[in-house]
2 protein chains.
Amino acid sequence: MALRYALLGVLSTREMSGYDIKRYFDRAVHFVWNASDSQTYRELRGMERDGLITSRLVHQEAKPNKRLYRMTDAGRAELDAWLISPLETPYRKDPFLLRLFFMARVSPVAAQQILEARHEELRALIAVGEERLETYGDLSKSSRPERLWWQVRLINGMRRMHMAEDEWICELLSELRSSPEEPIDGLLEDGAAI
Amino acid sequence: MALRYALLGVLSTREMSGYDIKRYFDRAVHFVWNASDSQTYRELRGMERDGLITSRLVHQEAKPNKRLYRMTDAGRAELDAWLISPLETPYRKDPFLLRLFFMARVSPVAAQQILEARHEELRALIAVGEERLETYGDLSKSSRPERLWWQVRLINGMRRMHMAEDEWICELLSELRSSPEEPIDGLLEDGAAI
DNA sequence: CGAGACATGTAACCTGTTACATGATTCC
DNA sequence: GGAATCATGTAACAGGTTACATGTCTCG
């Protein structure tokens, strides 16, 4: 259902086409949620069926026709109810962490390479976040300072989480580098205790 | 495909039934991946079809019959190839962060409640992690110290990430509490810049 | 002349969730 | 007597991915 709320949230600003929403997503929402084109279009139809949005067809010359979606009062109510609803279980499925769980199977050198790749990835994510924050700085000069209050804090929070992960990865790397000969054990046979 | 590798990883220690695997998952793998019973059994069948595991039926008195799965050489090769394969895109779908993205729609008081709930959740996760680390401490006294090398570091890493998130949440809370009257803006209409 | 913006979809498939079914044994 | 453990599944549905189809205009 989260996609539905993401779409409602974007549509809360103004009437948009599926294509507009997609662009908005790519620019702004991408780092907390995303969806393929086909899933977005499918979901929009479903939301219209359920009365959360309405649509009208707009004919265009020189461009393909488009369908503009607008949120209904029911949609607005649904979004606002979700925003203050109890948190769903915060259960992460992280393929990277899953990999580390079984890393004892590969050589320390191979493990190092995986960690280094993740380190580079995190560096890149952090850099992107910092760029975004700078752009925001410019924005708040020309406009009201409290524009995008939550968005700015969100990017900042993610930056901090990425930095925490990166520090951890770097420590793991130096542990691996300093003791390349130590034996490293895998799993307990009964999965006991951990 | 990640579930498949998680199952292969667990089966790399010994022959197990679907039920054993489930127990192992709940105890040990749960915090980086999980799956429902029915998905697990379905996936095991698929893995057998694809030659990654073999199974044999074991008849039991007083207990239901069971099917024991064992990894094949092909399965072992598949797992090891995955462990050193390039990282997939690390793209998070986080319903909590998605919520925050649209939080400007609700009152600061309601937002505070959401953040407090998350704070409690994180506190609980951190406590669980610390418990696990203690259990590990006991374990390494009785056994070889390098038992579960990766598992321990993994739990420690997650603890640190949770703590980073919690610090951020707490700062947000104090920002909200200290300026309850400030106007907070929502989204830009064109999703510009952020 | 080719790439990219504009614009919406279908079909097939894979992944994940929920509800249900079955039935003996053991422990409180 | 009721709950938990052991043990494996089916059926239906929801959520998500990938590949493909279509066609014009604009810009470099």
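Side chains included, hydrogens not; waters and symmetry mates left out as well; all remaining heavy atoms used. To find a chain, count down the sequence lines: A is the first, B the second, and so on, and within it residues start at 1.
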Just how far, in rounded Å, is [atom2] of [N] from [atom1] of [X]?
X     : N      : atom1 : atom2 : result
B:N34 : C:dT17 : CG    : P     : 8 Å
A:L7  : C:dT8  : CG    : P     : 13 Å
A:Q39 : D:dT18 : CD    : P     : 11 Å
A:R4  : D:dG16 : CZ    : C1'   : 15 Å
A:M16 : C:dT8  : CE    : C1'   : 17 Å
B:E61 : C:dG23 : CD    : P     : 18 Å
B:H59 : C:dA24 : NE2   : P     : 17 Å
A:L44 : D:dG15 : CG    : C1'   : 15 Å

Taking all atoms of both residues into account, what is the closest heavy-atom pair of A:Y5 and A:M1, and its distance? CD1-O, 3.2 Å

Would you name the heavy atoms of A:I169 and A:L115 that are closest together and state the gap between them? CG2-O, 3.5 Å

Checking side chain to side chain contact (heavy atoms under 4.5 Å, CB included) for the pair A:L44/A:R67: CA distance, chi angles, key distance, verdict? CA-CA 10 Å; A:L44 285 169; A:R67 185 173 290 277; over 6 Å; no

Begin from the C-alpha positions of A:E175 and B:R153 and carry the test salt bridge (Lys or Arg N to Asp or Glu O under 4.0 Å) through to its verdict. CA-CA 11 Å; A:E175 256 192 294; B:R153 275 143 191 91; 2.8 Å; yes

What residues, two or more places apart in sequence or in another chain, satisfy side chain to side chain donor-acceptor pair (under 3.5 Å) together with A:D80?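 A:D80 satisfies side chain to side chain donor-acceptor pair (under 3.5 Å) with B:R105 once adjacent residues are dropped.
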
Could you pull out the protein-nucleic contacts involving nucleotides 7-14 of chain D (nitrogen or oxygen on both sides, under 3.5 Å)?
{"residue": "D:dA7", "atom": "OP1", "partner": "B:Q60", "partner atom": "OE1", "Å": "3.2"}
{"residue": "D:dA7", "atom": "OP1", "partner": "B:Q60", "partner atom": "NE2", "Å": "2.8"}
{"residue": "D:dT8", "atom": "OP1", "partner": "B:R67", "partner atom": "N", "Å": "2.7"}
{"residue": "D:dT8", "atom": "OP1", "partner": "B:R67", "partner atom": "O", "Å": "3.4"}
{"residue": "D:dT8", "atom": "OP2", "partner": "B:Y19", "partner atom": "N", "Å": "2.9"}
{"residue": "D:dT8", "atom": "OP2", "partner": "B:Y41", "partner atom": "OH", "Å": "3.0"}
{"residue": "D:dG9", "atom": "OP1", "partner": "B:R45", "partner atom": "NH2", "Å": "2.4"}

A:S17 and A:D20: side-chain donor and acceptor closer than 3.5 Å? yes

